[in-house]
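Quick one: the structure is below, questions incoming.
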Amino acid sequence: MDKFNHSVRLDPDLCKGCINCIKRCPTQAIRVRNGKAMINAKFCIDCGECIRVCAHHAKHATYDKMDVMKQYQYTVALPAPALYSQFNNLDDVNIVLNALRLMGFDDVFEVSAAAELVSEATREYLTHNEDNLPIISTACPSVVRLIRVRFPNLISHLLPLNPPVEVAAALAAKRAMKKTGLERKEIGVCFISPCPSKVTYAKSPLGTEKSQVDHVLAIKDVYPQLLSHMKGVGEEAADLVTSGKIGISWGRSGGEASGLFTDDYLAADGIENVIRVLEDLEDQKFTNLKFVELNACNGGCVGGVLTVENPYVAEVKLKRLRKYMPVARSHMDMEDNAEQLIPWTTGVQYEPVFSLGGNMMESFARLNQVERLCKKLPGLDCGSCGAPSCKALAEDIVRGQASENDCVYHLRENLHKLSEEVSVLADDLHEGNKGGQETLRILKEYIQRISDEMSLLDNQEEDE
Amino acid sequence: MDDAIVLKYEISPDDFTRAGEASSDVKGKLKQLGVSPEAVRKVAIAMYEGEINMVIHANGGEITVEITPVEIRMILADVGPGIPDVEKAMKAGYSTAPDEVRSLGFGAGMGLPNMKKYTDDMSIETKLGVGTTITMIVKM
């Protein structure tokens with residue numbers, strides 16, 4: 001799979017070419033070109049901010065539809081802990097798990113159960129890596145992707161363990177094969193996800209060659225069907241719950257860190273906050289930190305764009321749900337060889353996508369050009385050119401992807417200059433100065449240039 | 001000249017919320033230039049230390065950063081009180097920072113030692129009552 005594969009997409013028919021998404025994108029990955037928002041695949045980290053902010057619903061996430069289940073002999077649902085936080089007055093996770101079976105899945109494997117194993121492995125990892133603290137969580141794929149392109153110095157601090165969803169998928173597949181005798185390809189492992197970032201993860205994971213997650217469904221798609229099946233779950237339903245407080249807590253910001261039994265942690269959520277923390281981490285502004293938990297969405301996974309409930313309400317529900325649970329229900333020694341499934345099998349490589357040029361000399365020349373252009377551009381960051389800021393436009397210009405005339409202010413200034421010169425020429429002509437024919441010719445030329453520039457402006461407006 | 005880049009930053013005094021803006025900007029530009037992550041890290045740490053020092057001790061000042069394909073040179077110039085005993089100031093843990101600064105988590109006495117540690121060369125020119133100019137070099 002392409003290492004810059006993405007699940008956040010644009011529907012050009014719905015896109016109005018407004019500037020809302022380009023302004024909100026944390027990696028400045030979007031440009032409005034020819035009246036449509038284009039996502040730069042190398043810059044995009046699949047955080048879903050643009051989906052959230054687009055009033056025209058032109059941005060969407062690609063994920064699998066529920067009928068993918070039909071392709072398999074046997075299917076396993078992997079519910080994210082965030083799924084449990086979507087329901088009113090839910091006091092028993094078992095109802096959700098049984099409803100998933102009523103919906104058609106042959107089995108369920110809680111991601112929160114795998115999360116408890118990852119918590120255990122993380123505690124172990126922290127004790128053996130005290131010279132490389134703080135360790136940064138790798139559960140949020142958007143954060144890992146962000147670090148990969150923007151914070152090369154922090155790559156060595158990444159927790160080299162698979163996220164709970166991966167561990168859950170591997171264990172679920174193993175269990176299903178043992179139980180049914182089917183081949184791996186006859187078993188469909190479906191994650192019920194709160195975010196598009198996990199869709200990308202399943203297609204092109206970081207840290208492991210191939211994900212064991214076969215399909216990713218959206219919580220918002222599953223939710224209505226699940227609701228109706230939940231009513232059908234009786235008192236005598238099988239007990240399927242295999243996770244406790246630690247696992248369930250992973251669904252919200254700070255939950256992963258709370259399973260590490262240390263106070264020396266930092267938990268930040270919301271992509272802008274995450275970036276600020278990463279900047280400061282890179283400058284070594286924090287001391288005495290053991291663990292850094294980062295979630296791209298506000299509130300953590302409960303804030304994913306594929307959820308239905310308000311993230312803060314969801315957080316309250318999750319808290320209520322975990323209240324009477326045991327600390328943990330899954331332990332490493334209960335699963336066969338779980339410790340072998342948890343560590344990363346590949347590393348994460350720095351991808352310097354934000355370099356201005358192909359080599360350092362080219363980058364030097366281009367950065368100087370950017371500096372000069374920034375002084376010329378109005379500095380209003382209005383977005384009319386299709387770039388999120390004047391600096392971003394300057395960078396686009398030196399990369400050969402835009403021109404100065406994309407700036408309406410620059411264009412307006414040109415028009416002013418031309419029309420002033422026209423009026424001087426006209427005055428000359430009026431006063432009957434010598435060379436009247438020549439002046440007339442120049443005047444005509446100027447008028448032509450003005451109308452050319454005007455038509456540029458018209459094009460831009462048509463685009464928008 | 002297109003193979004050298006000169007950046008200038010005014011450092012405003014007593015404004016901790018803005019301290020670090022200059023080093024952050026330099027960091028971003030170095031990454032755009034494709035400078036090695038290790039050099040970026042050294043510059044970011046050393047320059048941030050220096051920038052904070054200028055805010056705490058010297059009523060701000062001016063930082064000039066010269067980037068060439070060979071090295072990154074940071075010149076931090078202030079018209080502050082000057083450093084009375086450079087040798088002492090270079091010692092780890094020696095601090096003259098007032099309590100309100102320490103309460104913000106600064107003033108551990110590691111400023112100058114860290115600046116030296118993270119750069120390939122550092123020189124200090126200082127005169128009491130006149131000001132201090134620190135030049136730091138990080139090789140590419």
Side-chain angles (χ1 to χ4, degrees), chain A residues 26-28 42-43 146-158 266 275-289 348-375 389 391-392 394-396 398-399, chain B residues 1-9 16-17 19-52 65-72 102 104-111 113-115 117-118 138-140:
Chain A
T27 56
Q28 300 200 324
K42 286 188 174 167
F43 293 2
L146 177 67
I147 290 172
R148 175 177 75 148
V149 294
R150 224 171 119 171
F151 298 97
N153 284 310
L154 299 176
I155 290 177
S156 65
H157 290 271
L158 289 173
L266 173 161
I275 290 171
R276 278 177 62 189
V277 167
L278 289 172
E279 289 282 354
D280 287 355
L281 266 179
E282 197 176 43
D283 298 351
Q284 298 191 357
K285 286 185 197 167
F286 303 120
T287 47
N288 305 323
L289 271 184
V348 168
Q349 295 297 316
Y350 173 42
E351 302 287 348
V353 297
F354 295 107
S355 283
L356 280 174
N359 57 57
M360 201 184 272
M361 291 315 287
E362 189 180 43
S363 297
F364 263 80
R366 286 184 174 180
L367 185 61
N368 268 323
Q369 267 175 282
V370 168
E371 294 285 300
R372 285 194 290 267
L373 281 165
C374 281
K375 284 186 186 121
S389 66
K391 183 162 173 275
E395 289 164 6
D396 289 350
V398 304
R399 286 189 175 114
Chain B
M1 277 283 284
D2 259 5
D3 59 352
I5 287 159
V6 181
L7 308 163
K8 280 193 192 297
Y9 301 92
F16 274 96
T17 55
E21 272 182 9
S23 48
S24 177
D25 189 65
V26 170
K27 194 166 78 173
K29 291 198 161 85
L30 291 177
K31 285 181 186 173
Q32 284 189 318
L33 286 174
V35 171
S36 78
E38 183 54 22
V40 175
R41 190 174 79 98
K42 286 156 95 179
V43 169
I45 296 169
M47 189 170 157
Y48 178 68
E49 286 285 356
E51 203 180 334
I52 287 281
V65 181
E66 296 167 13
I67 312 166
T68 70
V70 184
E71 65 182 29
I72 301 135
R102 284 170 190 254
L104 287 167
F106 302 103
M110 292 305 291
N114 269 339
M115 286 158 72
K117 183 180 159 191
Y118 286 102
V138 170
K139 299 240 186 292
M140 286 288 183

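Chain letters run A, B, ... following the sequence lines, proteins first and then strands; every chain starts at 1. Both backbone and side-chain heavy atoms feed into the values below; hydrogens, waters and symmetry mates do not.
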_Other residues, nucleotides and ligands only: do more than 12 of their heavy atoms fall within 6.0 Å of NZ on Lys285(A)?_
yes
*In terms of heavy-atom pairs under 4.5 Å with chain A, which of Pro69(B), Ala44(B), Ala46(B), Ser24(B) leads?*
Pro69(B)
*Where is the tightest heavy-atom contact between Ser355(A) and Gly34(B), given as atom of each residue plus distance?*
OG-CA, 3.6 Å
_Region of Ser36(B) in contact with chain A, defined by heavy-atom distances below 4.5 Å_ = neither
*Tell me, for Phe151(A) versus chain B, whether the close heavy atoms (under 4.5 Å) come from the side chain, the backbone, both or neither.*
both
*chain B contacts, top residue of Asp280(A), Ile155(A), Asn359(A), Leu356(A) (heavy-atom pairs, under 4.5 Å)*: Leu356(A)
*Looking at Asn114(B), Val43(B), Thr68(B), Val40(B), which has the largest count of heavy-atom pairs under 4.5 Å with chain A?*
Thr68(B)
*Contacting moiety of Met140(B), where chain A heavy atoms sit under 4.5 Å*: side chain
*Identify which part of Val35(B) has an atom lying under 4.5 Å from any heavy atom of chain A, answering side chain, backbone, both or neither.*
both
_Selection from Pro37(B), Gly20(B), Ser23(B) maximising heavy-atom pairs under 4.5 Å formed with chain A_ = Pro37(B)
_Residue Arg276(A) excluded, over 12 heavy atoms near CZ under 6.0 Å_ = no
*asked:* When you measure from the side chain of Lys27(B) to the backbone of Glu279(A), do you find a donor-acceptor pair of N or O atoms at a distance under 3.5 Å?
replied: yes
*Calculate, to the nearest 0.5 Å, the distance between atoms CD1 and OG belonging to Ile5(B) and Ser363(A) respectively.*
8.5 Å
*Above 12 or not: heavy atoms from other molecules or residues under 6.0 Å from CG of Asn288(A)?*
no
_Can you tell me how far apart CG (Leu33(B)) and CD (Glu362(A)) are? Round to the nearest 0.5 Å._
11.5 Å
*asked:* Please classify the contact of Leu7(B) with chain A as side chain, backbone, both or neither, using a heavy-atom distance under 4.5 Å.
replied: side chain
*asked:* Under a 3.5 Å distance rule, please check whether Lys31(B) uses its side chain to pair with a backbone N or O of Phe354(A) as donor and acceptor.
replied: no
*asked:* Using 0.5 Å steps for rounding, measure from the CD atom of Glu38(B) to the CG atom of Asn153(A).
replied: 6.5 Å
